[in-house]
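Taking it in order: structure first as structure tokens, then the write-up.
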Amino acid sequence: MKSSLKPIRMINHRQELVMKFGFIQILLALLALLFMQCRNTEKSVNPNQQEAAVNTERGTSDSASQKTFLVDTDYVHIASHHSEDIKSKLRELEKQEFSKGSIADQVRDFLKRGENDFGEEFKFIELRFVNRTAVIDPKFGKEVKDLAVVMNEFLNLKIKLMSYTDNIGDEKLNEKLSQDRAESILKGLLDAGISKERVIIKSYGEKYPVANNKTFDGQLLNNRIEMMILHK
């Protein structure tokens, strides 16, 4: 009787082991499936996170670039060898809103550098006359007024104005036109309180062109007013 029960017990034990092994396999399969789902979820989220990180980094970079762009790399510092009186005058001029590159802006930077190169020539870049006349266009006469502001701050400043035209029309008429234009600028300075002894005017007409008179752009460049500092 005992011998017949033993095979039955062995069979039951074997079935129990098989069931346990099957359960473990199912559990492992479920864990593997859960792991794969987590990986897929992570992959779907990461690209967005990475893009957000890139955008954040890009935004920081753009912001830094913008800050760099806002820095005025053309700014001229006031030279340390200036006297305190000159530094004070230059600081007052820094408060003036001169157009970038205008004649007053050029002269202000020259004075800030404290150089003594009186051969440097400055150019009016915004000044315009009405057609082929010596009448200063009111919309483009601010440069003359701004130059007067600088000269009124630096009372020892003496200048020479040089007027040129293109070669359109009669040569003698062009000489007179350039003379009249120089005198118009002089009048503007005198009206702003600048004494006549501080300004010398020279008219050259169509002489000494800097561009080709056969083109419209060249004619615009040749119709110019230049300035030289004689004393400061």
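Position 1 is the first residue of the sequence; numbering continues from there. Worth knowing before you read on, the calculation uses all heavy atoms, side chains too, and leaves out hydrogens, waters and symmetry mates.
At a threshold of 4.5 Å between side-chain heavy atoms, the hydrophobic network of Ile, Leu, Val, Met, Phe, Trp and Tyr places Tyr204 and Phe124 in two separate groups. Linking Ile, Leu, Val, Met, Phe, Trp and Tyr residues whenever their side-chain heavy atoms come within less than 4.5 Å places Ile201 and Leu190 in a single cluster. Placement of Met162 and Ile136 in two distinct hydrophobic clusters is found when ILVMFWY residues are connected by side-chain heavy-atom separations under 4.5 Å, directly or transitively.
Note that CE of Met151 is 4.0 Å distant from CD1 of Ile159, once rounded to the nearest 0.5 Å. Distance check: Glu115 CD to Glu120 CD gives 6.5 Å after rounding to the nearest 0.5 Å. Interatomic distance, His77 NE2 to Leu90 CG, rounded to the nearest 0.5 Å: 13.5 Å. Atom OG of residue Ser178 and atom NZ of residue Lys202 lie 11.0 Å apart, to the nearest 0.5 angstrom. Expressed to the nearest 0.5 Å, how far CZ of Phe122 lies from CD of Gln106 amounts to 7.0 Å. We find the CD1-NZ distance between Ile225 and Lys123 to be 12.0 Å, quoted to the nearest 0.5 Å.
For the side chain to side chain donor-acceptor pair (under 3.5 Å) with Glu206, the lone residue among Asn167, Thr165, Asn174 that qualifies is Asn174.
There is a side-chain donor-acceptor pair under 3.5 Å between Asp166 and Asn223. Counted by atom type alone, Glu175 and Gln179 present zero donor-acceptor pairs between their side chains at under 3.5 Å.
Between Lys232 and Leu157, the closest heavy-atom pair is CB-CD1, 3.6 Å. The minimum heavy-atom distance linking Ile168 with Gln219 is given by the pair CD1-NE2, 3.7 Å. Between Ile125 and Ser102, the shortest heavy-atom distance links the atoms CD1-N, 3.7 Å. Between Ala182 and Leu161 the shortest heavy-atom distance is O-CD1, 4.3 Å. Heavy atoms only, all atoms of each residue included: Ala104 and Leu147 are closest at CB-N, 4.0 Å. Smallest separation of non-hydrogen atoms from Ile86 and His82: CG2-ND1, 3.5 Å.
Checking side-chain atoms of Arg108 against main-chain N and O of Ile103 turns up no donor-acceptor pair under 3.5 Å. Remark: the backbone N or O of Lys214 is paired with a side-chain donor or acceptor of Asn212 at under 3.5 angstrom. The closest donor-acceptor contact from the side chain of Glu121 to the backbone of Met227 lies at 3.5 Å or more, if one exists at all. Side-chain N or O atoms of Thr215 include one that pairs as donor or acceptor with a backbone N or O of Gly218 at under 3.5 Å. In this structure a side-chain-to-backbone donor-acceptor pair under 3.5 Å is missing from Ser203 to Gly205.
Residues Met228 and Ile200 fail the side-chain proximity criterion, which asks for heavy atoms closer than 4.5 Å. When side chains are defined from C-beta on, Leu127 counts as touching Ile185, because their heavy atoms get closer than 4.5 Å. Within the 4.5 Å cutoff, the side chain of Ser184 has no heavy atoms near those of the Lys187 side chain.
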Let me see the working for Phe98 and Val149 under side-chain contact (heavy atoms from CB on, under 4.5 Å), right down to the final yes or no.
CA-CA 10 Å; Phe98 299 144; Val149 171; 4.1 Å; yes
Set out, in order, the CA-CA distance, both residues' side-chain angles and the distance that settles side-chain contact (heavy atoms from CB on, under 4.5 Å) for Arg132 and Leu177, then state yes or no.
CA-CA 8 Å; Arg132 293 190 69 82; Leu177 178 60; 4.2 Å; yes
Asp146 vs Gln96, test: side-chain contact (heavy atoms from CB on, under 4.5 Å). Steps then yes/no.
CA-CA 9 Å; Asp146 287 346; Gln96 299 293 329; 5.9 Å; no
Derivation and outcome, side-chain contact (heavy atoms from CB on, under 4.5 Å), residues Ile194 and Leu186
CA-CA 9 Å; Ile194 307 302; Leu186 173 61; over 6 Å; no
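A salt bridge links Glu226 and Arg224; the closest N-O separation between the charged side-chain nitrogens and carboxylate oxygens is under 4.0 Å. Ion pairing between a basic and an acidic side chain is recognised when a charged N comes within 4.0 Å of a carboxylate O; Glu92 and Lys89 show no such pairing. The existence of a salt bridge linking Asp180 and Lys176 is confirmed by a sub-4.0 Å separation between a basic side-chain nitrogen and an acidic carboxylate oxygen. With respect to Lys112 and Glu94, a salt bridge is recorded, a charged nitrogen being found less than 4.0 Å from a carboxylate O.
More than 12 heavy atoms of other residues, nucleotides or ligands lie within 6.0 Å of NE2 in His81, so this atom counts as buried by the packing criterion.
Relative to the six-membered ring of Phe129, Arg181 meets both conditions, a distance below 6.0 Å and an angle of at most 45° to the axis.
Taking the six-membered ring where the residue is Trp, Tyr164 and Tyr208 present perpendicular rings, their angle passing 60° and hence far from 30°.
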